[in-house]
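Just so it is clear: chains get the letters A, B, ... in the order the sequence lines come, proteins before strands, and each one is counted from 1.
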There are 2 protein chains.
Amino acid sequence: MNPFRANAVAETVSQHMKPPVDTKDKILDVAEEIFAEKGYSATSMRTITSRANVNLAAVNYHFGSKAQLYQAVFQRRVAPMNKQRIDMLETLEQKANGNPLALEDILRAFIEPALRASLNPNQGGTNFIRLLGRTHAEPGPEVHDFLPLLYEKVKDRYRSALALTLPELSQEELSWRVHFVIGTIAFTLAGTDALEMIESCRYCDPADIEGIIQRLLPFLQGGLSAPAALTKSTID
Amino acid sequence: MNPFRANAVAETVSQHMKPPVDTKDKILDVAEEIFAEKGYSATSMRTITSRANVNLAAVNYHFGSKAQLYQAVFQRRVAPMNKQRIDMLETLEQKANGNPLALEDILRAFIEPALRASLNPNQGGTNFIRLLGRTHAEPGPEVHDFLPLLYEKVKDRYRSALALTLPELSQEELSWRVHFVIGTIAFTLAGTDALEMIESCRYCDPADIEGIIQRLLPFLQGGLSAPAALTKSTID
DNA sequence: CCTACCGATCGGTAGG
DNA sequence: CCTACCGATCGGTAGG
């Protein structure tokens, strides 16, 4: 609850007293929690601000609107998570030296940053992961139109790596498979079933995370490496 | 807009005048459309009733509450759809005469009723299918707690059929796989991404759904038939 | 002119 | 099934 932001605060404090905990961060933390629990439109700004002990107007002052606050919650978490994903992939690629990567390694590099975030409250914990999974299906343009943009880079990078590993799949076929993979992961992490496993062992048994990977990996691996579908012309 | 319900109306009309189009059905049709577009909590009862040209109080009169209206929208569609799924599976099983079914046949029997519903406006069309997919991740107990109950029977029946076809998978492993399959289908049908991937137009040809199935089937088939994960004891 | 808010209230709408 | 409302709450903004 007490972040080490003394330097940053000291720089901006001039004549007014400022609280040690940034109002912006406090709003983001509480918004993340309540959005995850209730969804976007069922969450009121008053619920957020009252639980964060800040003024209602602070949300508009700092973020502009409720919708922009929602986006800010994601920006804070998704950027580092997807950076991890790209870093892990690049490490693998350097080791492979131009050769195709193992399918399992690619999938692990993609999944592990999300699972690590779900274990670490400083990265949003289960709240954020569930929110992330849910947002893929959330209605309203203002709420999920920005997600594809946040995922564009990481999606392209992984699609390229997968294209090397699965040369028999066409570009289009591969795009669909990547879409299915993200969907399966999102649904699994958004659902209560899998998350209850994580949540019940939040501070005790990281092997349970590994357990979910162990279930998910073979399924995704088998799905990705399946032979391509028949063309539509066969049906016509 | 003018359903042929003259008989049904004649039976129930006693002393009050009733319109030829049932108010209940009109509410259900409009509610299905708006819930699919906006989601549950962003949809107001006033929006529904005004677009349906009925009084605001009629929703509470006929359904009890907004949440019960939401459930009624599902009850009307899911029951026949899941009956189709079970009928198709039983037809396959009778032909097979106790032998394991082909994995693709099982998956098609599960997917096709949803596909058919999405093509037929009298079964809800794309509105309902998208709503159905989204509801799996919708927050709020009143909104998606009833879904597992509606799916319990069909899930058990298909799990049994899959157990015969995939005898190398343990019960627990199979439950996870079925969970993943439903998740992938739900995510794909709920997302606008999938439609956008096919065509940029907003009101795409619903027949494109068959194209999605062609992409989905190999992925699910490969995922389901993948070898089981290593046991946890290997990790310890 | 800037920052980080405050107390109060705006016009409308929620489910019942 | 409609009219007439209720307690409360909605997202957002005024001047200071």
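Between the P atom of C:dC10 and the CG atom of A:L56 lies a distance of 15 Å, rounded to the nearest Å. In this structure, OH of A:Y40 is placed 9 Å from C1' of D:dG11, rounded to the nearest angstrom. Whole-Å rounding puts the A:L69 CG to D:dG11 P distance at 11 Å. Atom P of nucleotide D:dG11 and atom NZ of A:K66 are separated by 4 Å, given to the nearest angstrom. Between the CD1 atom of A:I48 and the C1' atom of D:dC10 there is a distance of 13 Å, rounded to whole Å. In this structure, the OH atom of A:Y70 is 14 Å from the P atom of D:dG11, given to the nearest Å. Between A:M45 atom CE and C:dG12 atom P the separation is 19 Å, expressed in whole Å. The CG-P distance, from A:N60 to C:dC10, rounds to 18 Å in whole Å.
Separation of the C1' atoms belonging to C:dG15 and D:dC5 is 13 Å when rounded to the nearest angstrom. One C1' atom belongs to D:dG16, the other to C:dA4, and the distance between them is 13 Å to the nearest Å.
In this structure, A:Y70 has its ring center closer than 6.0 angstrom to the ring center of A:Y40.
Here B:D29 does not pair with B:K24 in a salt bridge; the nearest charged N to carboxylate O distance is not below 4.0 Å.
Screening A:N127, A:L131, A:T43, A:L28 against A:E33 for a side-chain contact (heavy atoms from CB on, under 4.5 Å) leaves a single residue, A:N127.
For C:dC5, neither phosphate oxygen OP1 nor OP2 lies less than 4.0 angstrom from any side-chain nitrogen or oxygen of A:N55. Here A:S44 reaches the OP1 or OP2 of D:dC10: one of its side-chain N or O atoms lies under 4.0 Å away.
Among the nucleotides C:dC5, D:dT13, C:dG16, the one closest to any side-chain atom of A:A57 is D:dT13.
Here B:S41 lies out of heavy-atom contact (under 4.0 Å) with every strand.
Comparing A:T47 and B:Y61 by the nucleotide of DNA chain D whose heavy atom lies nearest to each, the residue mapping closer to the 5' end is B:Y61.
Side-chain contact of B:R116 with B:Q84: a donor-acceptor pair under 3.5 Å is present, judged by distance alone.
Remark: the B:R46 side chain and the C:dG12 base include no donor-acceptor N/O pair separated by less than 3.5 Å.
Figure legend: cation-pi geometry between B:R177 and A:F219 absent, as NZ or CZ is not positioned both under 6.0 Å from the six-membered ring centre and within 45° of its axis.
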